[in-house]
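Each chain gets a letter, A, B and so on, in the order its sequence line appears, and its residues count up from 1.
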Number of protein chains: 2
Amino acid sequence: MQLDERKWKILKAIIKTYLETGEPVGSRTISKYADLNLSSATIRNEMSDLEDLGYILQPHTSAGRIPSDKGYRLYVDQMMEEKDKEVTEIKEIMIQKQDKMDLILKEAAKVLAANTNYATMITTPQYRRTKLKFIQLSLVSEEQILVVVVAEGNVIKNKILRIVHNLDNETILKLNILLNSSLDGLTIEEINLSTIARLKVQAGIHSEIVNSVLDAVAEAIQMEEDIEIYTSGATNFFKYPELSDSEKASELISTFEEKKQLAALVNERNERQETGIQVYIGNETPVQTMKDCSVVTATYDLGDGMQGTIGIVGPKRMDYDKVISTLKTLMVQLDHIYHRNES
Amino acid sequence: MQLDERKWKILKAIIKTYLETGEPVGSRTISKYADLNLSSATIRNEMSDLEDLGYILQPHTSAGRIPSDKGYRLYVDQMMEEKDKEVTEIKEIMIQKQDKMDLILKEAAKVLAANTNYATMITTPQYRRTKLKFIQLSLVSEEQILVVVVAEGNVIKNKILRIVHNLDNETILKLNILLNSSLDGLTIEEINLSTIARLKVQAGIHSEIVNSVLDAVAEAIQMEEDIEIYTSGATNFFKYPELSDSEKASELISTFEEKKQLAALVNERNERQETGIQVYIGNETPVQTMKDCSVVTATYDLGDGMQGTIGIVGPKRMDYDKVISTLKTLMVQLDHIYHRNES
DNA sequence: TGTTAGCACTCGTCTTAGTGGAGTGCTAAC
DNA sequence: GTTAGCACTCCACTAAGACGAGTGCTAACA
């Protein structure tokens, strides 16, 4: 059996109604739908078919129907196609004077949560294949030197090193020049053993410092350790009865608090490359605790190979339509903000 | 009427039992207590007195008694006196190789939450009256300079400035020397208008850069904006039936997620200077949403005027004994860790 | 052949009444 | 001053019943 025009309309009506009410929807409710003009009995027949096809299901006999994961999936896929061009507007995010991306991201998570009434997460961008831009050593006190590493995209890392033998400013200057001239513009993969060996020879008696500096460099460019995940609106789960019983809510909120588990969502790289938006419904999610939820993730791209992920977690009866539009808008905005700060 | 020895013993027994079970405790339960040897009837009489005195109360007729805020308060005050010298041991916090205080604090919040089964929060240290140690300007690209400000306690701030007219390295060097010689060792209060005016005169045509740099300095030393609060174990609220109904739990967890409201706890500076530990019971708390909870805060002090706050939020029937011991131990540990990293 | 009205049936939810038990306060005796 | 005993209170739990939303099926209609 195929999904004809009418069945699709009915399915859509069921899903939409369920999204609003959160309760199983019956045939009479759907029969009142304007552009159908069918009696409840007819609807019942069609619903029975839709159930056989696996798009909807009954929580128990004599209850209405609710969409199955398969039903949601169809709905979402269909919708993504329709929405693909259109990008709606949401209010400009309030950006405080701080030009720090971190704060903006935190704010974005908050705004998103407030707007959608779902739980949200956002990661700091990951600097894949980022190049070194600048290294600076300075003598802070007699036995401490400060290492500052700037990578492409103005990612800055500091490290304080303890040193054994005294260094004078002139030596530091020389080391600075040496380091910058040897390493400038290289990616982490390009700094290999031979580069390092050459560096050490040139550094002479200060080769141990080179080691420490390289550690700092590695730390600065290495993303793994440094990826932060900001979350907001975890308590929104309480707004949806199907998720708000103690046990489920506790699990979900814990997951959000822990953050580590959320990394799984980030790392699942988007198969849906075209739009960068990925929807996981129910069991499709890589995070087990979210099996009763739907998760929508979007990848934002700031150029220079910097990418981050935004995610929204809510009940399966999520307003997919709005969520996807909002995410798209946000991605565009992040892009703007970033490039405005840049120039 | 005064609290005689026997009443005090009974009150303690009631509170202890209630701390464990979380349910109103009746006279028979207490009568079984070893070192009392009284019948339930006698206990009932005493309990009636204790109720008149306001130390315990009945949720409803024919239920057992639970401690009132006043009862908890007496219990806690008494206990703090007893525990004042003793500092117990808990397992060493796992410190990863990172020598960053931030990570340690996050970890500390987690360990504390896991250990106590309450929700915990910890603030990054606030750098009051911190002195400037070092300023470094460097040319990163043609129109960007990097400002690095190091304050006492090795707090490092970075800022990227955009510049209009080209600067050569020599000018930068001069500015560096100028800035460091004028500002080194000063606190934020000591950098006043006359200092700034003098600086600008000396900087000549580059006085606008001085402005930007001073902004960065202010930002680096200013604590307000920069105080981070890490939280952990917010879902522990679910473990205590009296806090776990949707509404209360949601409010509490929101408060923890928001973090802003938590600042109120931090800012209430400890009246109890001697130990640095402060206990708020029920309505005593400055945060309204926690009126059904108890809050224990401790101030840790890393020297150099750097202080932070650790807090634990749980049900009123909190294991005050353990919490206070644990907090004390943690404070000592933070101190150790910090000074080990320092030297 | 597709659509519809009608009806019996199912099953979850809400309400109500009833029961059991934990705990108290009071009184009288030791 | 302490204790045993008893009547009383009130919550928590359970079972039974009423209600209603929704279904599936059948028969009639266009």
Side-chain angles (χ1 to χ4, degrees), chain A residues 1-11 13-15 17-18 20-68 71 241-242 244-245, chain B residues 1-11 13-15 17-18 20-68 71 241-242 244-245:
Chain A
M1 198 169 359
Q2 243 329 15
L3 256 200
D4 58 22
E5 177 76 13
R6 197 170 76 175
K7 281 196 173 51
W8 171 233
K9 266 190 181 168
I10 292 176
L11 179 59
I14 293 173
I15 296 184
T17 316
Y18 183 70
E20 279 168 29
T21 64
E23 307 213 315
V25 353
S27 51
R28 271 204 77 222
T29 317
I30 300 303
S31 73
K32 286 177 203 142
Y33 240 78
D35 56 343
L36 282 170
N37 270 331
L38 292 171
S39 79
S40 63
T42 314
I43 304 287
R44 278 204 287 283
N45 291 333
E46 294 287 43
M47 277 166 123
S48 182
D49 290 351
L50 283 170
E51 186 165 3
D52 290 342
L53 289 167
Y55 291 114
I56 53 180
L57 40 86
Q58 266 183 305
H60 56 87
T61 2
S62 90
R65 307 300 215 287
I66 60 174
S68 68
E242 65 268 45
S244 74
D245 71 277
Chain B
M1 200 171 353
Q2 243 332 14
L3 256 200
D4 58 22
E5 177 74 15
R6 196 169 77 177
K7 281 195 172 55
W8 172 234
K9 267 190 179 167
I10 292 177
L11 179 58
I14 293 173
I15 297 184
T17 315
Y18 183 69
E20 280 168 28
T21 63
E23 308 214 313
V25 354
S27 51
R28 272 203 76 223
T29 316
I30 300 302
S31 74
K32 285 180 205 139
Y33 241 74
D35 56 344
L36 281 169
N37 268 330
L38 293 171
S39 78
S40 63
T42 314
I43 304 288
R44 278 204 288 283
N45 292 332
E46 294 287 44
M47 278 167 120
S48 182
D49 290 350
L50 283 171
E51 185 163 4
D52 289 343
L53 288 167
Y55 291 114
I56 53 180
L57 39 86
Q58 265 183 306
H60 57 85
T61 2
S62 92
R65 307 300 215 288
I66 61 173
S68 68
E242 65 267 46
S244 72
D245 72 277

Both distances under 3.5 Å, Watson-Crick or G-U wobble: report the partner of D:dT9, or none.
-> C:dA22
Which nucleotide, D:dT3, D:dA21, C:dT24, lies nearest any side-chain atom of A:S62?
-> D:dA21
Which of D:dT3, D:dT23, C:dG25 is nearest the side chain of B:T42? It is D:dT3
Side-chain H-bond candidate by donor/acceptor type, A:S27 with A:R44, under 3.5 Å | yes
Given the rule in the side chain to side chain contact (heavy atoms under 4.5 Å, CB included) test, do B:L38 and B:R6 qualify, once you have shown the distances and angles that lead to the verdict?
-> CA-CA 10 Å; B:L38 293 171; B:R6 196 169 77 177; 3.5 Å; yes
Nearest to the side chain of A:R44 - C:dC7, D:dT9, C:dG25?
-> C:dC7
Just to confirm, is there a sub-4.0 Å distance from OP1 or OP2 of D:dT23 to any side-chain nitrogen or oxygen of A:R65?
-> yes
Could you tell me which nucleotide pairs with C:dA29 by Watson-Crick or G-U wobble geometry, both distances under 3.5 Å, or answer none if nothing does?
-> D:dT2
What is the nucleic acid contact for B:T61, judged by heavy atoms within less than 4.0 Å: base, sugar-phosphate only, or nothing?
-> sugar-phosphate
Counting heavy atoms from C-beta on, name the nucleotide in D:dA4, C:dT4, D:dT23 closest to the side chain of A:S39.
-> C:dT4
Closest heavy-atom pair, A:R65 versus A:I14, reported as atoms and distance to 0.1 Å, is O-CG2, 4.3 Å
NA contact type, B:A63, heavy-atom cut-off 4.0 Å: base, sugar-phosphate, or nothing?
-> sugar-phosphate
Looking at the side chain of A:L38, which of C:dT4, D:dT23, C:dG12 is the nearest nucleotide?
-> C:dT4
Sub-4.5 Å side-chain heavy-atom contact between B:I43 and B:I10 | yes
Nearest-Å distance, CD1 (B:I30) to P (C:dA22)?
-> 16 Å
Side chain of A:R6: nearest nucleotide among D:dT3, C:dT3, C:dT24?
-> C:dT3
